[in-house]
There are 2 protein chains.
Amino acid sequence: MASPKQDGRAGLRMADRVYEEIRREIVGGRLAPGEKITEAVLAERFGASRTPVRSAIVRLAGDGFVDMTPHSGTVVKHRTQGEVSEIYEVRALLESTAAGLAAQRRDQRDLDELEELQRGMEAASGLSWEADEAGVERVSALNQAFHRRILAASRNVTLAESAARLMNIGFLINTYARFSRQEFERSLFEHRQLIAALVSRDPAWAEAVMRAHILGARNSLAAEQ
Amino acid sequence: MASPKQDGRAGLRMADRVYEEIRREIVGGRLAPGEKITEAVLAERFGASRTPVRSAIVRLAGDGFVDMTPHSGTVVKHRTQGEVSEIYEVRALLESTAAGLAAQRRDQRDLDELEELQRGMEAASGLSWEADEAGVERVSALNQAFHRRILAASRNVTLAESAARLMNIGFLINTYARFSRQEFERSLFEHRQLIAALVSRDPAWAEAVMRAHILGARNSLAAEQ
DNA sequence: AGCCCTGAAATTGTATCCAACGAGGCGAAA
DNA sequence: TTTCGCCTCGTTGGATACAATTTCAGGGCT
């Protein structure tokens, strides 16, 4: 192909770009579960060789996004509703613990940034929920950032990483897109409560709100399907 | 090079063999944290090319065993004592929850296999703790299997995988080798209690024992360093 | 003396080529 | 007609060749 530097964003390895792009496509639902992934096809699509594509796929497999079977191929991992519920349950366990720690350890910066993110989400209240695809995706990104900020405020990197891994494979964007406006507003309200619990340094409250928040989301999801 | 099938164990990809071997060397402490990993060196040691070695390293990085920095190289990940403590704390959280679930959901097979593993560990009571390297490693493997069995009995695959990941990077063999005979016997006793809790289907008891078991191990470790 | 610049060596990242394996189709025999 | 076996093809796994980047030593400059 001989196009050494196709993308302007320098410094990024081709393998990383491929990884990120495929990941986004899976999380965003553009690549359906069960769909086959062929190295040569992707290589051509990215104007790269199979080598970095392969590297990206190995990483995706390690992160639980795809299933690789030797000499046979790679498919987007399928998850049953039960597995998705499990993911939410473990997230509830980890993130509620993190929220409790965060209530004890947060500093002013944490609170400021959470407020900022919350304002961003509230600003999206007026968007047309079914039509505005990009808007929904932005809200979802803010939601993820909010959760990550609380994980960071727990000051426990291991806890944060374990939870973040589950958030990723939880296909958040996809699930968020399915949320109704009502669910979204409940979510906003619970985030507000979370901030309040952190402000007043109340670990038990923060923990309970986070658990309720995540298990509630799980149930909304389960009810739809 | 040109030695297409060096190892008799067929069916295994070269990349998998390299992955497993490096992983064992890191977990076993034969590769020290901070040590540099050079692809070409490993490739020669395994009589392979750099391609499968590189694939293995990417996986190891994904699993948190090594740090890859672009164009610079790969080093065995260093963990501070604080990080190791964190790992044990999150393990305590996940595995105690799993133990509680296991107490409710276990069947007779689970109990039988746990008994079997426990007998195996008890049989090692007579080994010379400082001299018998292989013996210690076997005990460590049995211990890991015991914990994995309880995770499996929780019937929550997500929970089990999250915990297993942390067990792996906890460098169990290494830590176990540092355990004194006294620690080992305390461990045996707690495993017995765990089985009793599962037999009597007592989730709260199982949960508490597991939490105490893991946090105790963390403290023994912290006290040494 | 200390610092920066430069260049060569070492090492990683990517491309291409070859080998091995699995999937599916076709044909022959029961 | 159905089923077993073989064969071809497509795809992945691995080897080798090449390009790009970092690192570090050494020399010149401030």
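The chains referred to below are lettered A, B, ... by the order of the sequence lines, with proteins before strands, and numbering in each begins at 1. Because the structure is a prediction, the values reported are computed rather than measured. For the numbers below, each heavy atom of this structure counts, side chains included, while hydrogens, waters and symmetry mates do not.
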Can you name the side chain to side chain contact (heavy atoms under 4.5 Å, CB included) partners of [X], sequence neighbours left out?
X      : value
A:A164 : A:R148
B:D110 : B:R106, B:D107, B:R149, B:A153, B:R155
B:E25  : B:E21, B:R30, B:L31, B:R45

Salt bridge (Lys or Arg N to Asp or Glu O under 4.0 Å) contacts touching residues 56-74 of chain B (sequence neighbours left out):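 Non-adjacent pairs meeting salt bridge (Lys or Arg N to Asp or Glu O under 4.0 Å): B:D16-B:R59, B:D63-B:R165, B:D67-B:K77.
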
Rounding to an integer number of Å, can you tell me how far B:F46 CZ sits from D:dG14 P?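 Interatomic distance, CZ of B:F46 to P of D:dG14: 13 Å.
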
Could you state the CZ-P distance from B:R17 to D:dG14, rounded to the nearest angstrom?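 The answer, rounded to whole Å, is 10 Å.
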
I'd like to check the ring pair (Phe, Tyr, Trp, His ring centres under 6.0 Å) partners of B:Y19; sequence neighbours left out, ordered by chain and number.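 Ring pair (Phe, Tyr, Trp, His ring centres under 6.0 Å) check on B:Y19 returns nothing, list empty.
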
Quick one: which protein N/O atoms are closer than 3.5 Å to N/O atoms of nucleotides 11-14 of chain C? Pair and distance per line, please.
{"residue": "C:dT12", "atom": "OP1", "partner": "B:I37", "partner atom": "O", "Å": "3.4"}
{"residue": "C:dT12", "atom": "O3'", "partner": "B:H71", "partner atom": "N", "Å": "3.3"}
{"residue": "C:dG13", "atom": "OP1", "partner": "A:R13", "partner atom": "NE", "Å": "3.3"}
{"residue": "C:dG13", "atom": "OP2", "partner": "B:R54", "partner atom": "NH1", "Å": "2.4"}
{"residue": "C:dG13", "atom": "OP2", "partner": "B:R54", "partner atom": "NH2", "Å": "2.4"}
{"residue": "C:dG13", "atom": "O5'", "partner": "B:R54", "partner atom": "NH2", "Å": "3.3"}
{"residue": "C:dG13", "atom": "N7", "partner": "B:R50", "partner atom": "NH2", "Å": "2.9"}
{"residue": "C:dG13", "atom": "O6", "partner": "B:R50", "partner atom": "NH1", "Å": "3.2"}
{"residue": "C:dT14", "atom": "OP1", "partner": "A:M14", "partner atom": "N", "Å": "2.7"}

